[in-house]
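All remarks here apply to the structure that follows.
Quantities reported herein were computed from a predicted structural model and do not represent experimental measurements.
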Amino acid sequence: MSDARTRLVSAAAGIAVLATGVVLGSGPLRAALLGETGDRLDALEADVAAQEERADDAEARADTAAAYVDATAPTLLIDLLPGTAVVVVAAPGAPDAVIEAVEARLPLAGAEETGTVALGDAWNDDATSQFRTALAEQVAPSLVGVDAVEPSAVLAHAFVQGATGAAPTGADRADVGDAGTDRGAVLWDLLAQADLAEGEAATRADAILLIAGGKDATAALADAFAAYDAPVTVVGAPAAISAQSRRDDVATVASSDWTMGSVTAVAAVSETLAGDRPHYRDGEVPAVLGVS
């Protein structure tokens, strides 16, 4: 009997609470108790609903735009980079998704991806800092047109010359010849054996696509590659495009969506070959693509 009475009392209490909630939620008692606070709550609820609707609309438009760009990419990019030798360079921590997205777009523009290279795991390893300093001293005499003495800068130039076989802009052709035709291959082998470089080096480079990762390494690579003839485009997440990599002598593409960002990146490369160094922020689309 006691249990039955307890259940009956609990049920009655629940009904009373529910009834009170209904009265407070929609009846005159709500207005009497809450006054202007109730009106403000109603207004806030309406604002939240409106913001959610706008957010849903914006997301739907973004999805539609991304689907459009993805479907029309072969048309948008056609003949932007005919026969262009593009070397894709991954800084430490560069997202695989960005690398794959960019590499998938390059053939659509007629580009020839002549190499995909990356800094090795030992590049930022504190345990090998003394070894890197000694290696920098060893390779410095083999570099052409490089006056840098700081080890990371020397190794960055060794990476560039090993990956592309190039010499800095303005380097004396006689110095290049004296250094030997195989100097790039020798440099690359040294760096690869030291776990400072990985991938397949290029035989030529008309343009560089640098995928941003760690800020310091990305900035060091951008600084080194910018000293050579092949124009550089640094691409990555907005947070990865730092002030150090956003410079006047390189192009940048910051993107949170690499369906669209990869198309923008390839278009930016074509603009660098024409002498421009654009800086595209998240969501911006190059005029050369003919869309807005």
Side-chain angles (χ1 to χ4, degrees), residues 65-119 159-160 162-166 188 197-213 218 221-222 224-226 228-237 240-241 245 250-280 282-291:
Y68 170 78
V69 169
D70 195 31
T72 59
T75 301
L76 294 173
L77 297 176
I78 191 168
D79 288 335
L80 281 185
L81 297 171
T84 303
V86 180
V87 178
V88 178
V89 182
D96 289 339
V98 179
I99 299 171
E100 292 167 2
V102 169
E103 288 181 332
R105 301 297 191 194
L106 287 171
L108 300 179
E112 299 174 6
E113 187 182 338
T114 56
T116 301
V117 296
L119 293 183
F159 181 90
V160 175
T164 66
W188 191 253
E198 56 186 43
E200 189 172 334
T203 55
R204 71 182 241 264
D206 298 325
I208 305 297
L209 254 174
L210 173 56
I211 314 300
T218 300
L221 285 173
F225 272 106
Y228 296 74
D229 289 337
V232 183
T233 303
V234 183
V235 304
I241 305 298
S245 55
V250 303
T252 58
V253 175
S255 182
S256 300
D257 174 11
W258 287 97
T259 298
M260 299 181 68
S262 57
V263 174
T264 300
V266 173
V269 172
S270 73
E271 293 180 338
T272 66
L273 292 169
D276 296 327
R277 298 295 183 269
H279 296 288
Y280 291 111
D282 202 5
E284 294 180 337
V285 179
V288 70
L289 293 176
V291 297

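Contact between E271 and P286 at its shortest, heavy atoms only, is OE2-CB, 3.8 Å. Taking every heavy atom of both residues into account, G236 and A212 meet most closely at CA-CB, 4.3 Å. When all heavy atoms of A85 and R204 are compared, the closest pair comes out as CB-CZ, 3.6 Å. Nearest heavy atoms, L210 versus A222: CD2-N, 3.7 Å. Nearest heavy-atom pair, T259 versus V263, reported as atom, atom and distance to 0.1 Å: O-CG2, 3.7 Å. Scanning all heavy atoms of the two residues, the minimum distance from A205 to A230 falls at O-CB, 3.6 Å.
Note: L289 CG to M260 CE = 9.5 Å, rounded to the nearest 0.5 Å. Going from atom CG of L81 over to atom CD of E112 covers 10.5 Å, rounded to the nearest 0.5 Å. Atom CD1 of I208 is separated from atom CG of L221 by 10.5 Å, given to the nearest 0.5 angstrom. Taking CG of L80 as the start and CZ of R105 as the end, the distance is 12.5 Å to the nearest 0.5 Å.
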Does V269 form a side-chain contact (heavy atoms from CB on, under 4.5 Å) with L106? I'd like the steps, not just the answer. CA-CA 10 Å; V269 172; L106 287 171; 5.6 Å; no

Verdict with reasoning, D96 to I99, per side-chain contact (heavy atoms from CB on, under 4.5 Å): CA-CA 5 Å; D96 289 339; I99 299 171; 4.3 Å; yes

Using side-chain contact (heavy atoms from CB on, under 4.5 Å), reason through I241 and V234 one step at a time and then give a plain yes or no. CA-CA 8 Å; I241 305 298; V234 183; 4.0 Å; yes

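By the 4.5 Å heavy-atom criterion applied to side chains, L273 and P231 are counted as neighbours. Contact of the V87 side chain with the L209 side chain is not registered, since no non-hydrogen atoms from C-beta on lie closer than 4.5 Å. Residues V232 and T272 have side chains not in contact (no heavy-atom distance under 4.5 Å, counting atoms from C-beta outward). The closest side-chain heavy-atom distance from V250 to F225 is not below 4.5 Å.
Under the 3.5 Å distance criterion, with hydrogens and angles disregarded, no donor-acceptor pair is assigned to the side chains of T84 and D206.
Applying the side-chain contact (heavy atoms from CB on, under 4.5 Å) rule to P82 yields no partners; only residues at least two apart in sequence or on another chain are considered.
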